[in-house]
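Please read the structure below before turning to the comments.
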There are 2 protein chains.
Amino acid sequence: MPKYQKQTRFLVAVDCIIFGFDGTELKLLLVQRGLEPEKGKWSLIGSFIREEEDFEKGANRILNDMTGLEGVYLEQLHAFGKPDRDPIERTISVAYFALIDIHQYERQLNDDFHAEWFPIKSAPRLIFDHEQMVEMAKKRLRYKAAFHPILFELLPEKFTVPQLQNLYEGIFDTVFDKRNFSRKIQSTKLLIKQKDKDKENSKKGAYYYKLDKRRYAANFHAFLNFIPNPDNIK
Amino acid sequence: MPKYQKQTRFLVAVDCIIFGFDGTELKLLLVQRGLEPEKGKWSLIGSFIREEEDFEKGANRILNDMTGLEGVYLEQLHAFGKPDRDPIERTISVAYFALIDIHQYERQLNDDFHAEWFPIKSAPRLIFDHEQMVEMAKKRLRYKAAFHPILFELLPEKFTVPQLQNLYEGIFDTVFDKRNFSRKIQSTKLLIKQKDKDKENSKKGAYYYKLDKRRYAANFHAFLNFIPNPDNIK
DNA sequence: ATATTAAATGTACTTTTTACACTTATTTTT
DNA sequence: AAAAATAAGTGTAAAAAGTACATTTAATAT
């Protein structure tokens with residue numbers, strides 16, 4: 001097979017920024033790195049890309065190895081390529097961000113990897129440029145959530161409106177008026193009211209809702225405009 | 001220097017989707033490829049990444065070689081990594097999209113590269129996955145233009161409101177009411193009215209405007225919501 | 001002088017967004 | 001059994017934004 005001559009070849013990796021939501025705050029799934037350099041330090045979940053594997057496939061492989069989950073929301077974030085980002089050898093990293101229902105994960109935990117959830121506001125130092133990746137992923141998540149009903153990916157199948165509001169408030173680091181929030185959410189027609197209530201979080205109990213998946217798929221690109229103050233969003 | 005063992009290394013390239021606007025329609029800058037395979041066919045402008053160069057730098061180098069321009073609007077689009085996207089040897093491509101003022105370019109044309117502007121609607125077939133890249137770049141441009149005043153990057157320093165409207169109409173492939181369009185544009189306070197008029201395109205002449213660069217820099221992330229019909233966007 | 005061309009401009013109506021407070025269902029306490 | 005506590009659920013009026021729509025104006029060409 002002919003080859004391009006005289007060009008340098010580089011290592012290429014995929015790293016995943018995995019977000020979860022426990023009902024109260026946004027969390028990040030991290031692992032203790034298993035190889036040198038920086039062995040034992042906290043890191044995003046990643047892997048070198050294999051010969052016959054594209055990025056999506058690589059990201060899904062990593063995600064599946066780590067959490068056992070399939071069909072997770074996954075989106076390419078950015079390619080990071082500073083020559084010295086890995087001190088051992090130049091490595092290109094294509095970063096993906098993933099949104100998962102933390103409860104599903106907990107059931108399928110794979111403990112071989114020493115993975116752990118950290119609240120996004122008190123995550124440990126990360127290796128290489130991983131903190132920069134997380135920063136960018138947070139911005140992207142906010143940006144996207146302002147227009148698309150993406151945050152449902154972080155919630156369990158059944159959830160309440162107050163939980164959803166909590167999530168939005170966490171992401172945008174603000175508070176919404178609950179009457180206006182509820183009206184806006186209902187106007188999307190994405191929610192299907194259930195008969196039962198969540199009694200864990202209040203005496204009165206809050207009705208559960210499910211996502212209308214048909215509408216969700218059809219309207220994903222419709223705009224919600226859930227921005228508290230546009231100036232705060234990247 | 002220690003190295004990661006047993007990992008395959010890959011070629012990494014940067015490709016640029018370069019948009020220009022000639023006052024009437026959106027155009028794409030393409031080159032005739034100078035090396036095998038597919039030599040002589042039309043292609044995006046690209047290059048393998050060099051050892052000590054990051055992606056931004058590579059993209060700027062390419063852009064500068066080709067157009068002589070510096071300080072061009074440049075944004076990472078996506079990393080493309082299908083194993084067989086280049087039939088000779090697996091090559092990762094990090095694609096950037098650039099917005100340039102076509103008039104500035106024409107002055108600095110570098111003819112060594114056989115570059116040519118094509119109307120986006122009648123561009124030739126492109127090599128590899130470059131058409132897919134262009135598609136994605138068009139979507140991204142629309143998406144971004146719906147919220148950010150990004151299209152000014154395509155215009156010369158002095159431009160008229162009808163020209164600007166033309167550009168928006170081209171990008172979104174629709175028509176706007178000119179009273180409403182003008183009001184919306186003026187409401188951004190990004191335009192500074194000039195004393196002189198453009199007499200080329202009408203008998204009456206249309207006032208020139210300049211971009212208020214301070215405000216532009218400060219308000220870039222504010223939202224314009226220039227969407228004709230949200231459903232049509234990505 | 002008249003016709004032609006594209007630019008510039010205003011207003012009324014509809015929709016969306018915002019601000020704001022009380023009632024309800026249920027559990028806990030006395 | 002009554003009272004207190006808690007968070008859920010709901011409506012309305014005012015402001016802002018968006019939409020639809022037609023005439024006048026400046027300059028050139030005939």
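Residue numbers begin at 1 in each chain, while the letters A, B, ... track the order of the sequences.
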What verdict does the ring-ring contact (aromatic ring centres under 6.0 Å, His included) test give for B:F147 and A:F147, after you've listed the backbone C-alpha separation in whole Å, the side-chain angles of each residue and the deciding distance to 0.1 Å? CA-CA 11 Å; B:F147 300 116; A:F147 300 116; 4.2 Å; yes

What's touching nucleotides 19-22 of chain C from the protein side, N or O pairs under 3.5 Å?
residue, atom, partner, partner atom, Å
C:dA19, N7, A:N180, ND2, 3.0
C:dA19, N6, A:N180, OD1, 3.3
C:dC20, N3, A:R179, NH1, 3.4
C:dC20, N4, A:D177, OD1, 3.3
C:dC20, N4, A:R179, NE, 3.2

Taking atom [atom2] of [N] as reference, at what distance in whole Å does atom [atom1] of [X] sit?
| X | N | atom1 | atom2 | result |
| --- | --- | --- | --- | --- |
| A:Q165 | D:dT10 | CD | C1' | 14 Å |
| B:E200 | D:dT28 | CD | P | 13 Å |
| A:Q186 | D:dA8 | CD | C1' | 13 Å |
| A:K197 | D:dT6 | NZ | C1' | 13 Å |
| B:F176 | D:dG18 | CZ | P | 13 Å |
| A:K184 | D:dG9 | NZ | C1' | 19 Å |
| B:L191 | C:dA8 | CG | P | 12 Å |
| A:N201 | D:dG9 | CG | P | 12 Å |

Basic-acidic side-chain contact under 4.0 Å: A:K27, A:D22: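 Salt bridge flag = yes for A:D22 with A:K27.
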
Could you check whether B:K121 pairs with B:D173 (Lys NZ or Arg NE/NH1/NH2 to Asp/Glu carboxylate O, under 4.0 Å)?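 Yes, charged N to carboxylate O under 4.0 Å.
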
Identify each atom pair where a protein N or O and an N or O of nucleotides 27-30 of chain C are less than 3.5 Å apart, giving names and distance.
none

Geometric cation-pi criterion B:K197 and B:Y207, 6.0 Å radius, 45° cone: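 Checked: cation-pi criterion met.
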
I would like to know whether A:I18 and A:L28 meet side-chain contact (heavy atoms from CB on, under 4.5 Å); could you show each step before the answer? CA-CA 6 Å; A:I18 305 176; A:L28 197 56; 5.9 Å; no

Atom pairs and distances, donor-acceptor, side-chain atoms in residues 150-160 of chain B, under 3.5 Å, two or more places apart:
residue, atom, partner, partner atom, Å
B:E153, OE2, B:Y216, OH, 2.7
B:K158, NZ, B:D196, OD2, 2.5
B:T160, OG1, B:Q163, N, 3.2

I would like to know whether B:Q186 and B:Y209 meet side-chain contact (heavy atoms from CB on, under 4.5 Å); could you show each step before the answer? CA-CA 11 Å; B:Q186 303 290 351; B:Y209 287 82; 3.5 Å; yes

Considering all heavy atoms, the nearest A:S43-A:H130 contact: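 Looking at all heavy atoms of both residues, the shortest contact is OG-CE1, 3.4 Å.
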
